[in-house]
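Since the structure comes first, as structure tokens, the remarks are kept for the end.
Every chain is numbered from 1, with letters handed out A, B, ... down the list of sequences. These numbers come from the heavy atoms of this one structure, side chains and all, not from hydrogens, waters or symmetry mates.
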Amino acid sequence: MSILETIKSRFRPVLSELAPRTSSALLEMIRPAQESRFGDFQANFAMPLAKQLGANVGARELATNILNRVKLDDFCEVPEVAGPGFINLRIRDDWLIESLNKAVADPRCGVQATESPRTYVVDYSSPNVAKPMHVGHIRTTVIGDALDHVLRFLGHRVISDNHLGDWGTQFGMIIYGYKHFVDRAAYVEHPVQELGRLYRLVNKLVGYFDARQQLPELRGQVQQREALLSRSQALPESDKKRSAELQRSQRQLKEAQDALQETEARVRELESEPKTAALLAAHPRIADDVLRETALLHGGDAENLRLWHEFLPNCRDEIQRVYRRLNVRFDFEYGESFYHDQLSVVVDRCLQSGIARESNGAICIFLDGFETPMIVRKSDGAFLYATTDLATIEFRARTWNPDVILYVVDHRQSEHFEKLFAAARQLGYHRIDFRHIKFGTILDDQGKPFRTRSGDTVGLEGLLDQAVQKAHEVICRLDDEKRNGRELSEEQRARIAEIIGIGAIKYGDQSQNRESDYKYSLEKMVALDGNTITYLQYSHARVGGIFRKAEVDRAGIRTSPGSIQFALPADRALAMILAQFHQALLDVIVDYRPNLLTTYLYDLAKAFHVFFENCPVRDAETEALRTSRLKLCDLTARIIEIGLSLLGIPVVERM
RNA sequence: GCGCCCAUAGCUCAGCUGGAUAGAGCAACGGAUUUCUAAUCCGUAGGUCGCAGGUUCGAAUCCUGCUGGGCGUGCCA
């Protein structure tokens, strides 16, 4: 049990007796101390509880009373009541030492598996297999993978399921492209590249017609905003809001003009390329034809189905290549196509149970609190992703009987998931705890969604390459600057750069609060200081250096006799953090926030560096102290290693 | 129009269901090195937590209004 859980378990009986209804909330008010002068932990429940119990109960008095009834002296120093009624707790050194001795000897560093495992389905990544993966897939993949690992490590049953987009319009595009533009030789030689080329080509042509169709609307918007601007200008000078209105109208007009210009430029650019222009002239109805190919595929057309079966394995291989590089694995990859024959069944079930009805030709589920319905069948008879999502819930419930389903998806889909979960509950899935694990957008340094200069999304692999290259530069520079000359071979440098580069992207992402947007900065992610992967890796590698210099076997030290001991404050400070690894992982899964793990690891690395400065290990004053410090070092490195592995990042032994 | 989210140091961000004097990192300035890898550590400076009210022993956190921004909004995913 974590230290915090131990403390809570002691207070629980007394608090449940005093306040049966609110005791669990009150227990949550026991937490690590905010400042070291307040001890190791603080309990803040006395003030609210005093208020709850009545006007004439003093919080300090109440705190003292409670302390008299709670047994803590086997692992805490005598508690203090401070200020208006804070209870300050300091863990006894002998108890802390004992729990660390156990952690040192434990392959899991003191983290026990839960006694009440739950079954989680984690739905994340979910790319369209016909398109190259892009920057938008980073967060879902990295966060989902980390949650998967943390839950598993804590002893829960986890099923990771990659809900691949393998049945949508993108395949209509590839099929259309294949039928009209395929280069046979290239296809035979490198099918994946050729299919990718076909996808991009058709997407470009369709994009042209989309853009041209948008032009009238964009022009209308500019006119509308010009009108708004002149209306603001017409406001009397005395109006307080005039300048604000004016500014806003001007900005909005500029935005509309920019959007129009961009689109016009794109249209002109495509028209000016002779080859493209010829294709555009030859395929004027390509947008509709692509949809028709898709509809044929869904309708069971033999030829399109055959092509789909031929293309799909290639597309999936391509995606798997990226996952291998990212070191991400799924238990299952039931894509959209897997649910194809269930969609009409789901719609029928919605109709029969009365939660859905026909409206304007579409089958809709109207839900309380929502203005617009969730549409499960379009008026043309086609199904939507809401339909697939319901079919997926039905399948997962039947197959795995999960307690929780996590959807690691962009926050912009919040409303969709609120509706989906509400509909699922109406269909009878009350028992499942559905959670939308939402995350923010990755922005460029201007604060705009991260895109290439030409407005396309940024490819994921290119981003990885860039990070690896940047990491390589940093590794080489630092190795060259070493006092005794370079230590790493070219192969080592390349291998380390791959781990640090990809680790930088993963760690950089997960050190952000998942709900907020963040600015992508490669410089910051591979920086050497601050809360970065390099700082963590360096801390880990330094432990290796200590053991090498001291000529001690790391595995051997774990089982060697001798206890942890605290000679200096830095010994104890490091030990205190080491003892809280379990709690850090528990905190992560309360609200599914990996950044709580990165914060913990960063705190650990900082405490280790303070320890490193102040506490000689190899030349410790006594043999016993040397052993103690070696054990603390080893445990530090192992917790960093496990912690990073839970974030999907391997460690390097030297750098 | 309606709905959801956001606003914290010059910059990038934490701040865990209300708790003690709001924290990191970067950038700035000042120190520490015959090293267990200085890729580090110590220190200084920097804030009206968007604005105005309210709730209470206590508010960055909860409520209301306002300002500024993002996103979503019936047949895309």
So what does [X] hit on the nucleic acid, given a heavy-atom distance under 4.0 Å: a base, only sugar-phosphate, or nothing?
| X | result |
| --- | --- |
| A/A82 | base |
| A/F38 | base |
| A/Y535 | sugar-phosphate |
| A/D587 | nothing |
| A/Q583 | nothing |
| A/V610 | sugar-phosphate |
| A/A541 | base |
| A/A25 | base |
| A/Q42 | base |
| A/M29 | base |

With 3.5 Å as the limit, what N/O pairs link the protein to nucleotides 31-34 of chain B?
none

Residues that [X] engages under salt bridge (Lys or Arg N to Asp or Glu O under 4.0 Å), provided they are two or more places apart:
| X | result |
| --- | --- |
| A/E653 | none |
| A/D587 | none |
| A/D389 | none |

Residue-phosphate contact under 4.0 Å: [X] side-chain N/O, [N] OP1/OP2:
| X | N | answer |
| --- | --- | --- |
| A/N44 | B/G18 | no |
| A/N614 | B/C42 | no |
| A/K519 | B/U12 | yes |

Rounded to whole Å, how long is the line connecting atom CG of A/N531 with atom P of B/A14?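 One finds 11 Å between P of B/A14 and CG of A/N531, rounded.
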Using Watson-Crick and G-U wobble pairs whose two distances are both under 3.5 Å, how do you write the pairing of RNA chain B as dot-bracket, with | for links to another strand? (((((((..((((.....[...)))).(((((.......))))).....(((((..]....))))))))))))....
Pick from A/Y385, A/F338, A/Y334, A/Y339: which one makes a ring-ring contact (aromatic ring centres under 6.0 Å, His included) with A/H163?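 Passing option: A/Y339.
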C1' atom, B/U12 versus B/G74: distance in rounded Å? 40 Å
Could you run down the sub-3.5 Å N/O contacts of the protein with nucleotides 70-74 of chain B?
{"from": "B/G74", "atom 1": "N1", "to": "A/S359", "atom 2": "OG", "distance (Å)": "2.9"}
{"from": "B/G74", "atom 1": "N2", "to": "A/S359", "atom 2": "O", "distance (Å)": "3.3"}

